[in-house]
Enquirer: 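The structure that follows is given in the form of structure tokens.
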4 protein chains.
Amino acid sequence: MENKLSKREAIINAAIKVFSTKGYHSTRMEEIAILAEVGKGTIYEYFASKLDLFQKMLEESVKVYFTEVASLDDENLPFAEKLLLLLAGHIDFCKEHKELTRIVFWDTEIIDEELKEWSNQMRKEKEDYMTEIIKTAINKGDIKPVNPRILTYIISGVLGSLWAPITLDNWEVNTEDLAQEITDIVIRGIGL
Amino acid sequence: MENKLSKREAIINAAIKVFSTKGYHSTRMEEIAILAEVGKGTIYEYFASKLDLFQKMLEESVKVYFTEVASLDDENLPFAEKLLLLLAGHIDFCKEHKELTRIVFWDTEIIDEELKEWSNQMRKEKEDYMTEIIKTAINKGDIKPVNPRILTYIISGVLGSLWAPITLDNWEVNTEDLAQEITDIVIRGIGL
Amino acid sequence: MENKLSKREAIINAAIKVFSTKGYHSTRMEEIAILAEVGKGTIYEYFASKLDLFQKMLEESVKVYFTEVASLDDENLPFAEKLLLLLAGHIDFCKEHKELTRIVFWDTEIIDEELKEWSNQMRKEKEDYMTEIIKTAINKGDIKPVNPRILTYIISGVLGSLWAPITLDNWEVNTEDLAQEITDIVIRGIGL
Amino acid sequence: MENKLSKREAIINAAIKVFSTKGYHSTRMEEIAILAEVGKGTIYEYFASKLDLFQKMLEESVKVYFTEVASLDDENLPFAEKLLLLLAGHIDFCKEHKELTRIVFWDTEIIDEELKEWSNQMRKEKEDYMTEIIKTAINKGDIKPVNPRILTYIISGVLGSLWAPITLDNWEVNTEDLAQEITDIVIRGIGL
DNA sequence: TATGAATGAGAATTCATTCAT
DNA sequence: TATGAATGAATTCTCATTCAT
């Protein structure tokens, strides 16, 4: 039992590494098998197909993201604090799990209609979740009564655009400072 | 002459449609040929390989984007106006060229090392271009002395995140209003 | 008419060059067209297909060989003289038409069943022709009563084996000397 | 182990048959697969490409030839005896391995620059080996002081020219007699 | 349960040939 | 008659998946 679990984990971890580095189509099952130190056939004991492995890996990655990046709705904090926490969590996650972030936030390779749907659905859920928080903040008189949807796009946009410089350019940045600066701009604006 | 041009164009246009819908790897050359109403072999009269076709299509798409979305540096406008123009141009482009936008803004599929490099380079150029405009605005006392790089990520983030709702969800939105609302938030902030 | 003939010749000459250098399968019709300075379609005005062009070229090459290498049966010479003439003619031909020799003497690439038959037939004719000459020489008491067929293989063998060093290694040899030395060995033997 | 070897061997044997019958270019990988009773993909488990399979087959065929046709330099025999042995070995080989002989002795189809080089190199080695034996024989006073290179061409010429009648015409000949007759002619000459 | 040799469907690409001009 | 742009049949090779061990 324990063995089985650890094999499954080894495969998922290998999958994250290879898929996020090479993309879905350029990844060979054999490469994952080698990296996971299992036989090629063993992968099929745990996953039905390459697509299934990719999906399972995606799901688990998203789970890890949501576990690590602080959940915001259960905290009774002012919006600025929540935003700061979200940004800091996201930036740390980017720095620690460079490969994973690509998959969770950026991968748009079109593989399968169903997966596309799932991916799109996940995006909408994230947006809805964020929009709800914003609405609450507006209702509580925490922030101006801006269009919640538009603010959602601004925030998720920043989260997305940070991945490239941190991962690809190896931008070494202090998490707290960056989160604070972004929050400041969003809260106070750039106008004089 | 006209014939030759229109054949090449037909292929490029078909390529934009199919590549942006299915992604690089799931696209079959035959499908492009059928959509372009040419023989499979004809594609190879104009493009050396599948990768070459993809690259050429990418380059032309980027060119179209930069031509259509108003160039900002030659205008002697206040930053808020420039931002408004950029957003309006981008939103209109998204609405008119849904497939193209996906390619210009979102495709990060890993296909080829050289292409990855080119894609990354393009991103950096866009960022540098935006950063320069911001620096000028700060120097002119147009906006607060924020970190130009961070503001760049906020702006390019919004541009990127608008693609999905407009294209995938068919968000029917008034360009002027959306551009204005985003600009307002960025200039004035969301804080009370 | 004259034009047509010279175009046909240009194509045949180009075909000899390209086919003998690259072999049948690695030769592209376009290459022949370019070398012959005609359009690709023009070749098909004179030859039915690639195979037809190859066959016609082969036939003409063989004709040239037999025209240039002295015909032996009409000469009333002793066998040693005939052999000397044959060898000298063959060596000169090898030196002057390196590409052609390859085709006439060495090319065995299997292209087509019919062509294989034709090629084999041609070989047998050459052998029979040689065997007849040998028989006559034996009857006239010119040479020992050896097995004519075996002597044929020895002589055609030498002719064949000279092509490689002359063409591939650029063996610069004096025709008369080489022909004489070979004749001496064949006539007198190598034994003491 | 045994299985693996026999699978590789089955492919090589099928390759010999098909390549020698149809030539390199007219041979389809699938045909080899069918004859070897393996799947198309299996060939690629053992050989990197069609060219690689051809090369490996060539190398092994040459090895078989040199193993079966008696090695001459370790024998302290008079030259006539050596020649007799060589001829007898060669004739037997031709009779037993008709397809193989074609490949070892006659195939000059132009496939690949590197292969051409290899093939030419092999020819030169064979010539050098023969030339050395001849030089030794001359030094030992075994035979007349003829030009060793020219004698080499005569001998390798006969070897080559025997292939066609034996293989293509199914010439049924007694090995000993043929070898003896050729040797006699070479040693004693045909002159009276 | 674990394996990896064997498989064959599927895709990119080539190039002889055609045919409208 | 001469042309070369257009074509698609044909071929090699890849790699996810299977299954006997």
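Here is the naming used below: chain letters follow the sequence lines, and residue numbers restart at 1 for every chain.
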Enquirer: Rounded to whole Å, how long is the line connecting atom CD1 of B/I43 with atom P of F/dA5?
Expert: 17 Å
Enquirer: When the distance from CZ of C/F47 to P of E/dT17 is rounded to whole Å, what number comes out?
Expert: 13 Å
Enquirer: Below 4.0 angstrom from OP1 or OP2 of E/dT7, is there any side-chain N or O of D/Y44?
Expert: no
Enquirer: More than 12 non-hydrogen atoms from neighbouring residues, nucleotides or ligands closer than 6.0 Å to CD on A/E59, yes or no?
Expert: yes
Enquirer: Roughly how many Å is it from CD in A/E37 to C1' in E/dT3, rounded to a whole number?
Expert: 15 Å
Enquirer: Indicate, with a heavy-atom threshold strictly under 4.0 Å, whether C/S26 touches base, sugar-phosphate, or nothing.
Expert: nothing
Enquirer: Hey, does D/K40 reach any base, or is it just sugar-phosphate, or nothing, if we go heavy atoms under 4.0 Å?
Expert: base
Enquirer: State whether the side chain of B/K50 and the backbone N or O of B/T27 hold a donor-acceptor pair below 3.5 Å, judged by distance alone.
Expert: yes
Enquirer: Using only side-chain N and O atoms of D/K50, determine if any of them is under 4.0 Å from OP1 or OP2 of F/dT11.
Expert: no
Enquirer: Using a 3.5 Å limit for the pairing distances, which stems of at least 3 consecutive Watson-Crick or G-U wobble pairs does DNA chain F take part in?
Expert: E:2-21 with F:2-21
Enquirer: Can you confirm whether C/K116 is buried at NZ, in the sense that more than 12 heavy atoms of other residues, nucleotides or ligands lie under 6.0 Å from that atom?
Expert: yes
Enquirer: Between D/E30 (CD) and E/dG8 (C1'), how many Å, whole number?
Expert: 9 Å
Enquirer: How close or far is atom P of E/dA12 from atom CG of B/D52, stated in whole angstroms?
Expert: 15 Å
Enquirer: When you match A/A48 and B/E45 each to their closest nucleotide on DNA chain F, which lands nearer the 5' end?
Expert: B/E45
Enquirer: Between B/R28 and E/dG10, is there a side-chain N or O to OP1/OP2 distance below 4.0 Å?
Expert: no
Enquirer: Kindly check if the number of other-residue, nucleotide or ligand heavy atoms within 6.0 Å of NZ (B/K98) is above 12?
Expert: yes
Enquirer: Return whichever of A/T42 or D/G39 has its heavy-atom-nearest nucleotide of DNA chain E closer to the 5' end.
Expert: A/T42
Enquirer: Return the value, rounded to whole Å, for the distance between atom CD1 of D/I34 and atom P of E/dT7.
Expert: 12 Å
Enquirer: Return the orientation label for the D/F19 and D/Y24 ring planes: parallel under 30°, perpendicular over 60°, tilted otherwise.
Expert: parallel
Enquirer: Restricting to non-hydrogen atoms, name the atom on A/S61 and the atom on A/L100 that form the minimum distance, rounded to 0.1 Å.
Expert: CB-CD2, 2.9 Å
Enquirer: Write down the atom of C/K56, the atom of C/I12, and the distance for their closest heavy-atom approach.
Expert: C-CD1, 4.2 Å
Enquirer: So, OP1 or OP2 of F/dA2: does either fall under 4.0 Å of a side-chain N or O from C/Y46?
Expert: yes
Enquirer: Would you kindly compare A/G41 and C/V38 by the position of their nearest DNA chain F nucleotide and give the one closer to the 5′ end?
Expert: C/V38
Enquirer: Over how many whole Å does the gap from D/K22 atom NZ to F/dT11 atom C1' extend?
Expert: 14 Å
Enquirer: Separation of D/M29 atom CE from E/dG10 atom P, in whole Å?
Expert: 21 Å
